[in-house]
Asks: 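Submitted below is the structure of interest, expressed as structure tokens.
Each ligand, and each atom within it, is numbered from 1 in the order the structure gives. All heavy atoms count here, side chains included; hydrogens, waters and symmetry mates do not.
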Amino acid sequence: KLNKADASSKTKIGIMGGTFDPIHYGHLVTAEAAAERFNLSPVVFVPSGRPPHKQKQKVTDSRERLRLTELATLSNCRFRISDIEVKRTGYSYTIDTVQWFYHHYGPNLELYFITGADAIVEIMSWHQVERLIQYCQFIAVYRPGYERDHLHKTIAQWSVEFSQRIHLIEVPALAISSTDIRERLQKGRSIKYLVPEPVEHYIRAQQLYR
Ligand code: ATP
Ligand code: MG
């Protein structure tokens with residue numbers, strides 16, 4: 001039976017989309033910061049199927065990326081993973097994913113899509129962005145420093161309808177990227193403390209990124 005507090009407070013769910021090729025501490029600390037700040041539970045990690053913006057780039061098999069994401073998130077009871085984009089054929093669009101969550105969990109929830117600052121400045125070019133913003137709010141994460149001014153300027157140019165559904169949060173400096181991790185692995189360099197240990201073990205055992 002619901003008490004008053006439950007009835008009035010909507011469930012807030014975070015969606016953390018990404019290629020996760022491979023997943024790293026930048027992604028994890030970002031999701032945790034967003035969850036804490038906005039009281040999101042769960043935060044669902046959704047590895048992309050075929051990202052439309054990475055058409056030219058070779059992307060690791062989605063089952064491997066899904067497995068890595070699973071290994072990285074297991075120890076956090078607030079984190080979940082979803083294979084909905086991986087299972088979908090064709091390109092992955094955020095609108096399809098967000099709609100799936102909306103219909104699956106019902107309208108009595110608030111969806112928050114978590115993304116890096118690099119992506120939020122491009123959001124206006126996303127597929128069906130007007131519909132997208134009606135289904136979910138955005139949490140855009142930036143690193144301390146100049147990015148803040150750049151972001152505020154960009155968002156200030158948008159209509160209130162958009163800008164009021166975009167929330168900026170600062171996450172302590174993390175220059176970690178999947179690109180850097182892949183390069184390190186190709187060169188035989190260390191990736192220790194950049195990814196969770198189970199992720200590193202799996203990468204080594206399966207000889208990924210060589
Ligand atoms: P790549 O180098 O291949 O582009 P990536 O490290 O940027 O990989 P993605 O899978 O492209 O990782 O990113 C998924 C999401 O996480 C994006 O919204 C991205 O902006 C964000 N993100 C990536 N790295 C970081 C980081 N170090 N700190 C905060 N957010 C990050
Ligand atoms: Mg990226």
Side-chain angles (χ1 to χ4, degrees), residues 14-38 40 43-62 64-73 76 79 81-86 91-95 97-98 111-127 129 132 136-148 150-151 154-155 166-187 189 191 193-196 199-200 203 208-209:
I15 304 174
M16 179 81 194
T19 316
F20 304 133
D21 192 17
I23 192 165
H24 54 68
Y25 276 129
H27 301 130
L28 295 162
V29 84
T30 292
E32 181 70 5
E36 191 173 37
R37 172 78 175 276
F38 291 92
L40 311 177
V43 173
V44 186
F45 285 69
V46 188
S48 57
R50 290 172 67 195
H53 63 287
K54 289 184 177 171
Q55 286 176 41
K56 286 176 202 132
Q57 197 174 310
K58 198 173 152 253
V59 173
T60 306
D61 187 282
S62 54
E64 301 284 27
R65 290 184 290 111
L66 191 68
R67 182 80 185 115
L68 291 170
T69 307
E70 190 177 23
L71 289 170
T73 53
N76 189 326
F79 290 174
I81 63 162
S82 166
D83 62 1
I84 84 153
E85 288 201 4
V86 159
Y91 291 125
S92 289
Y93 290 108
T94 305
I95 181 71
T97 302
V98 165
L111 292 175
Y112 288 79
F113 194 87
I114 306 162
T115 176
D118 49 342
I120 207 72
V121 295
E122 287 162 19
I123 185 188
M124 286 304 180
S125 70
W126 284 18
H127 192 59
V129 63
L132 184 58
C136 70
Q137 304 189 51
F138 282 83
I139 300 172
V141 179
Y142 65 93
R143 288 155 231 202
Y146 73 98
E147 270 186 321
R148 186 199 182 97
H150 176 60
L151 281 171
T154 307
I155 291 170
I166 294 170
H167 314 279
L168 301 178
I169 62 168
E170 189 178 84
V171 168
L174 266 172
I176 306 174
S177 74
S178 301
T179 303
D180 177 56
I181 291 167
R182 292 193 301 272
E183 282 171 10
R184 283 167 173 268
L185 288 160
Q186 262 148 30
K187 291 176 184 155
R189 292 179 58 203
I191 58 161
Y193 313 122
L194 298 175
V195 302
V199 169
E200 178 172 6
I203 288 172
L208 303 176
Y209 308 107

Asks: Drop me the distance from Thr115's OG1 to Ile15's CD1, to the nearest 0.5 angstrom.
Replies: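 If I round to the nearest 0.5 Å, the distance is 12.0 Å.
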Asks: Any salt bridge (Lys or Arg N to Asp or Glu O under 4.0 Å) pairs touching residues 17-35, not counting sequence neighbours?
Replies: Glu32-Arg78
Asks: With a cut-off of 4.0 Å, which atoms of ligand 1 are near a heavy atom of Phe20?
Replies: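 Reading through ligand 1 atom by atom, the close ones are 10 (O).
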Asks: Could you grab the distance from atom CD1 of Ile166 to atom CD1 of Ile120, nearest 0.5 Å is fine?
Replies: 4.5 Å
Asks: Against heavy atoms of Arg182, which atoms of ligand 1 measure under 4.0 Å?
Replies: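 In order of number, 3 (O).
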Asks: With a 4.0 Å cut-off on heavy atoms, does Val171 reach ligand 1?
Replies: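 Val171 does not count as a contact of ligand 1 under the 4.0 Å cut-off.
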Asks: Gly17 to ligand 1: N or O pair under 3.5 Å?
Replies: no
Asks: With a 4.0 Å heavy-atom cut-off (strictly under), which part of Thr30 contacts ligand 1: side chain, backbone, both or neither?
Replies: side chain
Asks: Non-hydrogen atoms of Ala117 versus ligand 1: any pair closer than 4.0 Å?
Replies: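 No, that is not the case, since the closest heavy atom of the residue is not under 4.0 Å from the ligand.
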Asks: Please tell me if the side chains of Leu71 and Pro196 come closer than 4.5 Å, counting only heavy atoms from C-beta onward.
Replies: no
Asks: Assess Asp21 for proximity to ligand 1: is some non-hydrogen atom of it under 4.0 Å away?
Replies: no
Asks: Any N/O of Ala175 closer than 3.5 Å to an N/O of ligand 1?
Replies: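 No; the residue has no nitrogen or oxygen that sits under 3.5 Å from a nitrogen or oxygen of the ligand.
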Asks: Tell me whether the rings of His167 and Tyr112 are parallel (<30°), tilted (30 to 60°) or perpendicular (>60°).
Replies: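 The rings of His167 and Tyr112 sit tilted, inter-plane angle from 30° to 60°.
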Asks: By number and element, which atoms of ligand 1 are closer than 4.0 Å to a non-hydrogen atom of Ser177?
Replies: 2 (O), 6 (O)
Asks: What atoms of ligand 1 come within less than 4.0 Å of a heavy atom belonging to Thr115?
Replies: 18 (O)
Asks: Can you name the atoms of ligand 1, numbered from 1 with element, that are less than 4.0 Å from a heavy atom of Gly18?
Replies: 10 (O), 14 (C)
Asks: I'd like to check which ligand 1 atoms, numbered from 1 as shown, lie under 4.0 Å from a non-hydrogen atom of His24.
Replies: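 Counting atoms of ligand 1 from 1, those under 4.0 Å from His24 are 6 (O), 24 (N), 25 (C), 27 (N).
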Asks: Provide the number and element of each atom of ligand 1 under 4.0 Å from a heavy atom of Met16.
Replies: 16 (O)
Asks: Any Lys/Arg nitrogen of Arg67 or Glu64 sitting under 4.0 Å from an Asp/Glu carboxylate oxygen of the other?
Replies: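 Glu64 and Arg67: not salt-bridged.
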Asks: Taking atom CZ of Phe45 and atom CG of Leu68, what is their separation to the nearest 0.5 Å?
Replies: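 CG of Leu68 is found 13.0 Å from CZ of Phe45.
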Asks: Which distance, rounded to the nearest 0.5 Å, do you find between the CG of Asp83 and the OG1 of Thr69?
Replies: 11.0 Å
Asks: Purely on distance, is any nitrogen or oxygen of Gly116 under 3.5 Å from one on ligand 1?
Replies: yes
Asks: Short question: side chain of Arg65, backbone of Ser48 - any donor-acceptor pair under 3.5 Å?
Replies: yes
Asks: Would you give the length of the straight line joining atom CH2 of Trp126 to atom OH of Tyr93, rounded to the nearest 0.5 angstrom?
Replies: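 Separation between the atoms: 12.5 Å.
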Asks: Find all atoms of ligand 1 within a distance of less than 4.0 Å from any non-hydrogen atom belonging to Thr179, and give their numbers and elements.
Replies: 1 (P), 2 (O), 3 (O)
